[in-house]
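Step one of this worksheet: look at the structure below.
A note on names: the letters A, B, ... follow the listed sequences, proteins ahead of strands, and every chain is numbered from 1. No hydrogens, no waters, no symmetry mates; every other heavy atom, side chains included, goes into these values. Values in this document were obtained by computation on a predicted structure and should not be read as measured data.
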Number of protein chains: 2
Amino acid sequence: MVRAGLTVARLTQAGAELADEVGFEQVTVSAVARRFDVKVASLYSHLKNSHDLKTRIALLALEELADRGATALAGRAGKDALTAFADVYRDYAHEHPGRYTAARFRLDPEAAAASAGARHAQMMRAILRGYDLTEPDQTHAVRLLGSVFHGYVSLEAAGAFSHSAPDTEESWSRIVDALDALLRNWPAPAL
Amino acid sequence: MVRAGLTVARLTQAGAELADEVGFEQVTVSAVARRFDVKVASLYSHLKNSHDLKTRIALLALEELADRGATALAGRAGKDALTAFADVYRDYAHEHPGRYTAARFRLDPEAAAASAGARHAQMMRAILRGYDLTEPDQTHAVRLLGSVFHGYVSLEAAGAFSHSAPDTEESWSRIVDALDALLRNWPAPAL
DNA sequence: TGCGCACACCTAAGATCTTTAGGCAAATAC
DNA sequence: GTATTTGCCTAAAGATCTTAGGTGTGCGCA
């Protein structure tokens, strides 16, 4: 019989495609096996288990997202950088909804440490260099940016904004504008 | 044999408790049946299917959250209202992680329409009455608030902030302060 | 108080997914 | 060209979901 040429990388890739097509929740070891026209058990020489597959897809998505972020940030600063980076998140989520969901998959500590998570945080800090924030405030701002990007994209994907005007495109750009304004006038700690 | 006294409400409640104990992902029709010491098939006279159960838990969580929000908002305005409402979200997520996850379960349109989603939006609009925003900007601001609350709480729950100082408590209050400042100085549309 | 009916819960069974154990054949190594 | 590695397979057990059809309980009503 002809071998299918399974590798962890190809399985992960296929899982990511599957996620975009049918949703990350529906990604199963069986479904991936079907896609390679191979018996389910065969995947277990490459993957530890189902959770392992999902973790790998999550790590792939985080890498891709970080790569796009890095590209977007190159040669940009200030509001320009902020906008470009924000759009990377939203565009990625639109193009790859399943992968984006995967990127928010709860990773166990070891996986998290090996993930591109740190790169994401560093890029946000790089953006903030264009604004005038003291060190502790920078951390707060990083968390705010992460929250807004992640929150907006999630809610939009969940359809939370889909039943009200105006369109989400406009809200997005107005919100990014607002964040820029906020970062330029970050308030001092309350008394 | 003694009847267990199954009702949709009790099943939903049990599912919600289970979600908080072992995570929303682990909530299964079988697990709920086990909790009532009843055969799995028995639940299918009360529930349409597994998805139905999850939807009901999600609706329950959204109601509870809206109730708490309404209580918090009573007699408050401005920043006071904003802070109280924000804390409702975060506290609920801490107290009931499984339910909070459930609240973000993707609802089909009919379920969404019957959900407390509209109450949430209305409460946010009520908060914004304490700030001076024109109508379209109010919508953008509602979306921003939703994004930040949801995003922050999700990322915190996912452990995204757990490996860096300062503590998440402080970031949270500084971020709410920042939102207040932003709402008081909402920028005009970019040219 | 007793009768009948509705329905609450059950048994049975098929389908899908996960995971492990052990086997055969194809690729690779010498 | 043989030997070894290893990729993929068969087999099997356990879990979940879901449907179909059966039985006894408890309530409404006479």
Can you confirm whether or not the ring centre of Phe149(B) sits under 6.0 Å from the ring centre of His120(B)? no

Tyr131(A) side chain to Asp180(A) side chain, donor-acceptor N/O pair below 3.5 angstrom: yes

Any side-chain N or O of His46(B) less than 4.0 Å from the OP1 or OP2 oxygen of dC7(C)? no

Please determine, by modelled atom types, if Thr134(B) and Gln138(B) share a side-chain donor-acceptor pair under 3.5 angstrom. no

What one-letter contact string describes nucleotides 11-23 of chain C from 5' to 3', where B marks a base within less than 4.0 Å of any protein heavy atom, S marks contact via sugar-phosphate atoms alone, and - marks no contact? BB----SBBB---

So, His94(A) versus Tyr89(A): side-chain donor-acceptor pair below 3.5 Å or not? no

Can any side-chain N or O of Ser171(B) pair as donor or acceptor with the backbone N or O of Thr168(B) at less than 3.5 Å? no

Are Tyr100(B) and Phe24(B), when compared by the centres of their aromatic rings, separated by less than 6.0 Å? no

Would you check if there is a donor-acceptor pair between the side chains of Thr139(B) and Arg125(B) at a distance under 3.5 Å? yes

Calculate the interatomic distance between Leu47(A) atom CG and dC8(D) atom P; express it in whole Å. 12 Å

At a heavy-atom distance below 4.0 Å, what parts of residues 14-26 of chain A sit against DNA chain D? none

With no hydrogens and no angle check, do the side chains of Asp132(B) and Trp186(B) hold a donor and an acceptor under 3.5 Å apart? no

